[in-house]
Chemist: 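Here it is, the structure, as structure tokens.
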Amino acid sequence: MEKARRKTRSRSQGPRKSLFGKPFDGGKRMDHGAPQDQQQHPAEQQQPYHPQPPAMMRLYEVQKEVSTLGPQVCTFSGLQNDREYKRMERELTQLLLQVDQVDTEGKLELQGARKRAAQEVEGLLRYLEENASHPSRLAIDELSNAARELVDERVVAPQRAGGVAEINDELVDALQELILRLTQIKTEGRVPLRKARYRALTRLCAVQDVLESRTPQQTLSLPLSGDTHEAVNRINQVMVKVSMARSQLLALLMGLSGRDSCAHLSRILTELQVELDALDVSGNAAIRNYRKQVVEEINGLLKHLDLEGEGDDTRRYDLAQNNSIREIEAVRAHVSHLREGVLRHCVTGDLSFRPKAELQSLLTHLDQVDTAKNPCIREARRRAVVEVQAVVTFLDLREALVCRQPGPGEHPSHRAVWLVLGSLSDLQAQVLGFDGKRADKSYMMLEELLTKQLLALDAVDPQGDASTKMARKQAVKFAQNILNYLDMKTDEWEY
């Protein structure tokens with residue numbers, strides 16, 4: 001029985017193996033004729049040591065330094081005159097010189113390793129320079145400088161000189177124009193450019209928010225008289241300090257303050273809050289409301305001071321991960337599906353497919369998307385709204401053309417306008433289905449044909465007919481909307 005169990009166990013387990021996967025010889029002699037007890041266990045045999053050449057060890061050290069500098073280079077969003085740029089450029093240049101000095105001793109392996117190391121360092125240097133001198137990066141800096149000069153001239157400089165800042169709707173509108181131009185800058189998906197644009201937009205939006213809170217329509221009530229309550233003088237003094245802090249905040253956001261810091265200004269505002277909280281204003285509703293307004297003003301300034309590391313978090317500057325953008329993209333995908341269905345049915349002359357109710361629900365959904373005052377998200381939502389409206393207007397015009405029943409007394413000029421509208425409807429169908437670029441011949445052909453329709457409308461003489469004038473005006477607007485939509489589809493905008 002014992003012998004049978006041993007045989008069974010032996011067959012079930014198979015040959016015992018060493019640590020290296022080779023079967024032991026079971027006590028038999030080795031090839032060299034030595035008995036097993038004189039042979040070393042494979043795991044006990046010392047592996048031959050092959051020391052790496054000094055040149056290879058040096059290349060390994062370079063590789064470690066490159067792996068440290070690589071992430072810094074790939075996320076750097078500054079310009080060539082920045083201190084951080086010069087530091088990374090200097091260190092990469094030194095590494096490249098070290099690689100060039102490695103003696104390969106004519107060995108192909110070392111030559112290949114040195115070549116790969118040099119290519120990697122050169123690639124980082126090239127990437128660093130391309131992003132820092134990229135036309136989009138320079139455009140971001142140009143718009144930032146324009147905003148800086150505007151805020152300095154109208155707000156910061158007058159207050160430093162003891163004067164009064166010119167805060168009005170004109171200033172706010174000028175900043176809004178700069179913000180819109182920033183949103184139009186293309187980043188080509190490059191992280192450094194996305195970060196640079198995001199940081200510039202964040203600061204400009206913060207400045208705009210601070211200024212909007214101080215326009216005449218939203219200014220705090222005038223300070224109460226000190227005779228009203230003993231706490232009023234203290235609140236009035238705090239208001240003066242808050243006004244100075246606002247100017248410092250604008251200077252910080254625009255890079256016009258070399259000495260102050262966000263942390264320092266935050267401490268000042270927090271101390272002012274503590275001072276207000278310590279005041280006894282019980283029993284007087286007007287003073288309580290006055291203090292509440294000043295506290296809200298301080299809170300409005302504090303929320304803009306957390307901008308030191310703004311943009312370092314991928315979820316912030318990479319709006320593809322933003323929940324609002326995801327909502328907008330889901331709506332756009334739905335619109336695309338409906339648009340394809342509409343065009344497919346129109347080709348066959350079937351006008352029964354009219355998803356207007358569904359399209360209207362998508363517009364309602366877009367209105368409810370939270371943009372968080374982000375200009376890029378607002379622009380993405382606006383463009384999605386235009387896409388929906390383009391399909392709606394196409395369906396409306398198609399239905400109007402089908403239902404049109406001109407009478408015998410219709411004015412010839414009015415009939416001419418409707419003929420142009422028929423042509424515009426056919427062209428709009430092509431524009432809705434266009435998925436090319438501006439350099440494509442089909443784009444240029446569509447643009448030319450739409451322009452000809454505008455010229456045809458200009459040539460229509462209403463001859464004093466009011467309905468014709470109104471119809472022509474609407475047709476011109478319709479044609480321009482189609483051109484604008486075609487332009488929007490091909491401007492390669494990105495958020």
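Numbers here are sequence positions counted from 1. Scope of the values below: all heavy atoms of this structure, side chains included, with no hydrogens, waters or symmetry mates.
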Chemist: Any ion pair linking R332 and E329 (charged N to carboxylate O, less than 4.0 Å)?
Modeler: yes

Chemist: Would R438 and T490 count as having a side-chain donor-acceptor pair, cut-off 3.5 Å?
Modeler: yes

Chemist: One thing to verify: whether R382 and E379 come together as a salt bridge, which I'm taking to mean a side-chain N less than 4.0 angstrom from a carboxylate O.
Modeler: yes

Chemist: Any non-hydrogen side-chain atom of L363 less than 4.5 Å from a side-chain atom of Q360?
Modeler: yes

Chemist: Does M254 offer a backbone N or O that forms a donor-acceptor pair with the side chain of R148 under 3.5 Å?
Modeler: yes

Chemist: If every non-hydrogen atom of P71 is compared with every non-hydrogen atom of T68, which pair is closest and at what distance?
Modeler: CD-O, 3.6 Å

Chemist: Any side-chain to backbone donor/acceptor pair from D440 onto K437? Under 3.5 Å, distance only.
Modeler: yes

Chemist: Counting only heavy atoms not in M444 (residues, nucleotides, ligands), do more than 12 fall under 6.0 Å from its CE?
Modeler: yes

Chemist: Restricting to pairs with a member in residues 166-191, which pass ring-ring contact (aromatic ring centres under 6.0 Å, His included), not counting sequence neighbours?
Modeler: none

Chemist: Would you indicate whether the side-chain heavy atoms of N484 and V386 approach each other to under 4.5 Å?
Modeler: no

Chemist: Could you go step by step and tell me if E387 and R383 meet the salt bridge (Lys or Arg N to Asp or Glu O under 4.0 Å) rule?
Modeler: CA-CA 6 Å; E387 290 186 30; R383 297 168 78 90; over 6 Å; no

Chemist: Does atom NZ (K186) have a neighbourhood of more than 12 heavy atoms from anything else shown, all under 6.0 Å?
Modeler: yes

Chemist: Taking atom CG of L79 and atom NZ of K86, what is their separation to the nearest 0.5 Å?
Modeler: 11.0 Å

Chemist: Can you find a pair of side-chain heavy atoms, one from T187 and one from K195, that are under 4.5 Å apart?
Modeler: no

Chemist: Any donor-acceptor pair under 3.5 Å linking the side chain of K489 with the backbone of V431?
Modeler: yes

Chemist: So, applying side chain to side chain contact (heavy atoms under 4.5 Å, CB included) with Q453, which one of L427, D458, I482 is it?
Modeler: L427

Chemist: Are the side chains of I328 and I377 in contact, using a 4.5 Å heavy-atom criterion?
Modeler: yes

Chemist: Return yes if a side-chain donor-acceptor contact under 3.5 Å exists between N236 and Y290, otherwise no.
Modeler: yes

Chemist: Within the side chain of S425, is there an N or O that forms a donor-acceptor pair under 3.5 Å with the backbone of L421?
Modeler: no

Chemist: Would a distance-only check, ignoring hydrogens and angles, find a side-chain to backbone donor-acceptor pair under 3.5 Å from R339 to G433?
Modeler: no

Chemist: Is there side-chain contact between R114 and L59, with at least one heavy-atom pair below 4.5 Å?
Modeler: yes

Chemist: Does any non-hydrogen side-chain atom of V121 lie less than 4.5 Å from one of L69?
Modeler: no

Chemist: Calculate, to the nearest 0.5 Å, the distance between atoms CG and CG belonging to L424 and L450 respectively.
Modeler: 6.5 Å

Chemist: State whether the side chain of N131 and the backbone N or O of Y127 hold a donor-acceptor pair below 3.5 Å, judged by distance alone.
Modeler: yes

Chemist: Kindly check if the number of other-residue, nucleotide or ligand heavy atoms within 6.0 Å of CE (M488) is above 12?
Modeler: yes

Chemist: Are the side chain of R381 and the backbone N or O of T371 linked by a donor-acceptor pair below 3.5 Å?
Modeler: no

Chemist: Yes or no on side-chain contact (heavy atoms from CB on, under 4.5 Å) for R190 and S136, after CA distance, side-chain angles and deciding distance?
Modeler: CA-CA 11 Å; R190 294 172 179 247; S136 294; over 6 Å; no

Chemist: Drop me the distance from L265's CG to T270's OG1, to the nearest 0.5 angstrom.
Modeler: 9.0 Å

Chemist: Out of curiosity, D209 CG to L204 CG, how far, rounded to the nearest 0.5 Å?
Modeler: 12.5 Å

Chemist: How far apart are the closest heavy atoms of S133 and L138, and which atoms are they?
Modeler: O-CD1, 3.8 Å

Chemist: If you take all heavy atoms of L338 and P355, which pair is closest and at what distance?
Modeler: CD2-CB, 4.1 Å

Chemist: Does atom CZ of R288 have more than 12 heavy-atom neighbours, drawn from other residues, nucleotides or ligands, at distances under 6.0 Å?
Modeler: yes

Chemist: Taking K356 for the side chain and L395 for the main chain, is one N or O donor matched with an acceptor at less than 3.5 Å?
Modeler: no

Chemist: Give the intermediate values and the outcome of side-chain contact (heavy atoms from CB on, under 4.5 Å) for residues E89 and Q80.
Modeler: CA-CA 9 Å; E89 183 184 41; Q80 287 181 309; 5.9 Å; no

Chemist: Enter the distance from D169:CG to Q176:CD here, rounded to the nearest 0.5 Å.
Modeler: 12.0 Å

Chemist: Please check if the side chain of S324 supplies one atom and the backbone of D370 the other of a donor-acceptor pair under 3.5 Å.
Modeler: yes

Chemist: Within the 4.5 Å heavy-atom criterion, are N481 and Q389 side-chain neighbours or not?
Modeler: no

Chemist: Grab the two heavy atoms, one from R137 and one from A132, that are nearest each other, plus how far apart they are.
Modeler: CG-O, 3.9 Å

Chemist: If every non-hydrogen atom of V476 is compared with every non-hydrogen atom of L457, which pair is closest and at what distance?
Modeler: N-CD1, 3.6 Å

Chemist: Side chains of S77 and R199: do they bring a donor and an acceptor to under 3.5 Å?
Modeler: yes

Chemist: Is it the case that over 12 heavy atoms from other parts of the model lie below 6.0 angstrom from the NE2 atom of H345?
Modeler: yes

Chemist: Quick one: do L454 and L483 satisfy side-chain contact (heavy atoms from CB on, under 4.5 Å)? Show the steps, please.
Modeler: CA-CA 10 Å; L454 279 171; L483 272 170; 3.6 Å; yes

Chemist: Should the heavy atoms of other residues, nucleotides or ligands under 6.0 Å from CG of D435 be counted, would the total exceed 12?
Modeler: no

Chemist: Should the pair R87-E91 be classified as a salt bridge under the 4.0 Å nitrogen-to-oxygen rule?
Modeler: yes

Chemist: Under a 3.5 Å distance rule, please check whether S247 uses its side chain to pair with a backbone N or O of S243 as donor and acceptor.
Modeler: no

Chemist: Answer whether the closest heavy-atom distance between the side chains of D487 and Y443 falls below 4.5 Å.
Modeler: yes

Chemist: Let's go through L124 and L95 carefully: what are the C-alpha distance in whole Å and the side-chain angles of both, what is the deciding distance for side-chain contact (heavy atoms from CB on, under 4.5 Å) to 0.1 Å, and is it a yes or a no?
Modeler: CA-CA 11 Å; L124 287 176; L95 286 177; over 6 Å; no

Chemist: Could you state the interatomic distance from CG (D82) to CE (M88), rounded to the nearest 0.5 Å?
Modeler: 9.0 Å

Chemist: How about E153: does its CD atom have over 12 heavy atoms from other parts shown lying under 6.0 Å from it?
Modeler: no

Chemist: If every non-hydrogen atom of L279 is compared with every non-hydrogen atom of R291, which pair is closest and at what distance?
Modeler: O-NH1, 3.0 Å

